[in-house]
Structure formats: C-alpha cells, structure tokens
Amino acid sequence: MTTKNIILAATALMTICACTSDKDKEEIENTARDFASCYFGCHFDEAIKLCDKESGKWIVFTATNISDDDLTVLNSSETMPQYDVKDVSVDNDSTATAIVEAKDYMRASDIDTTAVISQEDTYAFKLRKRGGKWLVSLDMVPTPTNK
C-alpha cells in the first residue's frame, strides 16, 4: 500500500468516525431532551422507555409520590416548559453525559411539599448505550445540579 493510499484510508476512517460521533451526539441530545420533557411532564410511562431497565425504580418512585396538588400545579401553569441540551460529553462508545437546562417546568422537590413551577434549573443526565440505543441511566431521582 502506498503512502497516498494509507492517507486516503485514514482520512476515510476519520470521516466515518466523525459521522458516527455526530450521530451519537444527536441521539444523546434527543434522548435527554425527550426524557426531561416526559419525566417533568409526568408522562412516566414514556419516560421509562427512554431509560435503561435499572433506572425504572427511580421513575416508579417519583410517579408514586406525585400528588393531585402537584398535578394541579402542572396543569395550571400558564407557561410552556422548555428543555434545552446545553452540552454533551461522550466518555466512550457506551457512556455519555448530557447537561439539560429546564425552564418553566414542574419541580417536585420533597414528598411533603407541593411542586412548584421552577424558572430555571440544570440537570446532568448520564446515558448509556444499550443494544445500539442511547438511554438515560439514573442512579437516583434527578436533582438539579445548580441547587
């Protein structure tokens, strides 16, 4: 193989890797944004589909602690929640972290207190690639990183 062919092959390989990385980052962003929207919007059946199976217990825990008063807060909000992915860091081919900014969303902080509409918080969601798909991986109930 000539030097020219080696350079062409290396360039092609780097292009393929870059495309895969961009595709992964896009999937990570979409999964994190969709998860935030489902989770904070109390669409727990949909949120759990965006998580690895080990995370299910945290979704169930949250769902069982949402009260009618919390749902009243959610349903009476005059603002639409917004979820923006501010950063994605891919640790390796199977783990990543997405930083999500949540605005005007329902935040239930304690079991004994009614939820509030929070103006802005930041969350760091870990994601793992399972079966070729990026999924949120929770090791606790999501809590803001800025609190």
Side-chain angles (χ1 to χ4, degrees), residues 8-147:
L8 288 173
T11 302
L13 182 60
M14 286 190 298
T15 302
I16 291 169
C17 290
C19 291
T20 302
S21 177
D22 287 345
K23 182 182 175 193
D24 280 345
K25 280 191 173 186
E26 183 178 340
E27 185 180 344
I28 292 164
E29 286 181 21
N30 290 338
T31 299
R33 186 181 309 104
D34 292 349
F35 172 77
S37 178
C38 292
Y39 180 81
F40 296 118
C42 296
H43 302 286
F44 299 115
D45 288 343
E46 294 303 313
I48 208 163
K49 293 175 187 175
L50 298 167
C51 294
D52 60 16
K53 68 178 185 174
E54 297 85 1
S55 300
K57 64 184 173 189
W58 299 111
I59 304 293
V60 170
F61 176 80
T62 300
T64 58
N65 286 292
I66 296 294
S67 69
D68 288 340
D69 290 340
D70 296 332
L71 294 176
T72 299
V73 168
L74 176 65
N75 293 327
S76 66
S77 175
E78 295 178 9
T79 58
M80 287 297 297
Q82 297 175 22
Y83 307 100
D84 297 312
V85 178
K86 294 301 183 182
D87 189 37
V88 170
S89 61
V90 179
D91 303 323
N92 54 49
D93 62 350
S94 64
T95 60
T97 302
I99 305 301
V100 177
E101 184 178 78
K103 294 182 179 180
D104 301 319
Y105 76 104
M106 184 186 83
R107 184 179 76 209
S109 56
D110 295 319
I111 294 172
D112 296 332
T113 60
T114 302
V116 297
I117 300 299
S118 182
Q119 288 185 335
E120 185 175 317
D121 287 311
T122 303
Y123 289 82
F125 294 123
K126 294 179 187 176
L127 291 95
R128 296 190 190 286
K129 195 168 194 179
R130 300 275 173 89
K133 187 175 179 180
W134 286 98
L135 300 169
V136 173
S137 182
L138 301 174
D139 55 7
M140 60 184 285
V141 171
T143 56
T145 59
N146 60 320
K147 298 293 175 190

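Taking all atoms of both residues into account, the shortest heavy-atom contact from Glu27 to Trp134 is OE2-N, 2.9 Å. Here the shortest heavy-atom pairing between Thr79 and Asp104 reads OG1-CB, 3.4 Å. Closest of all the heavy-atom pairs between Ile66 and Met106 is CD1-CE, 4.1 Å.
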* Asked: For Val88 and Thr97, what are the C-alpha separation, side-chain angles and deciding distance, and is it a side chain to side chain contact (heavy atoms under 4.5 Å, CB included)?
  -> CA-CA 6 Å; Val88 170; Thr97 302; over 6 Å; no
* Asked: Run the side chain to side chain contact (heavy atoms under 4.5 Å, CB included) check on Ser55 and Val136 step by step: do they pass?
  -> CA-CA 8 Å; Ser55 300; Val136 173; 5.5 Å; no
* Given Thr114 and Ser67, is the side chain to side chain contact (heavy atoms under 4.5 Å, CB included) satisfied, shown in steps? -> CA-CA 8 Å; Thr114 302; Ser67 69; 5.5 Å; no
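Heavy-atom contacts from other residues, nucleotides or ligands closer than 6.0 Å to CD of Gln119 number 12 or fewer. By the neighbour-count criterion of 12 heavy atoms within 6.0 Å, atom CG of Asn75 is densely surrounded, having more than that number from other residues, nucleotides or ligands.
For the pair Glu101 and Glu120, the minimum side-chain heavy-atom distance is below 4.5 Å. Between Ile28 and Phe125, the closest side-chain pair of non-hydrogen atoms is not below 4.5 Å. At a threshold of 4.5 Å between non-hydrogen side-chain atoms, the residues Leu127 and Leu135 do not count as touching.
Judged by distance alone, with hydrogens and angles left aside, the side-chain atoms of Thr62 form a donor-acceptor pair with the main-chain N or O of Trp58 at under 3.5 Å.
Salt-bridge check for Asp121 with Arg107: passed, with a basic side-chain N closer than 4.0 Å to an acidic carboxylate O.
In this model, a donor atom of one side chain and an acceptor atom of the other lie less than 3.5 Å apart for Asn92 and Thr95. Side-chain N/O atoms of Tyr83 and Asp34 include no donor and acceptor closer than 3.5 Å.
Checked against the 6.0 Å centroid criterion, the rings of Phe40 and Phe35 do not qualify as a close aromatic pair.
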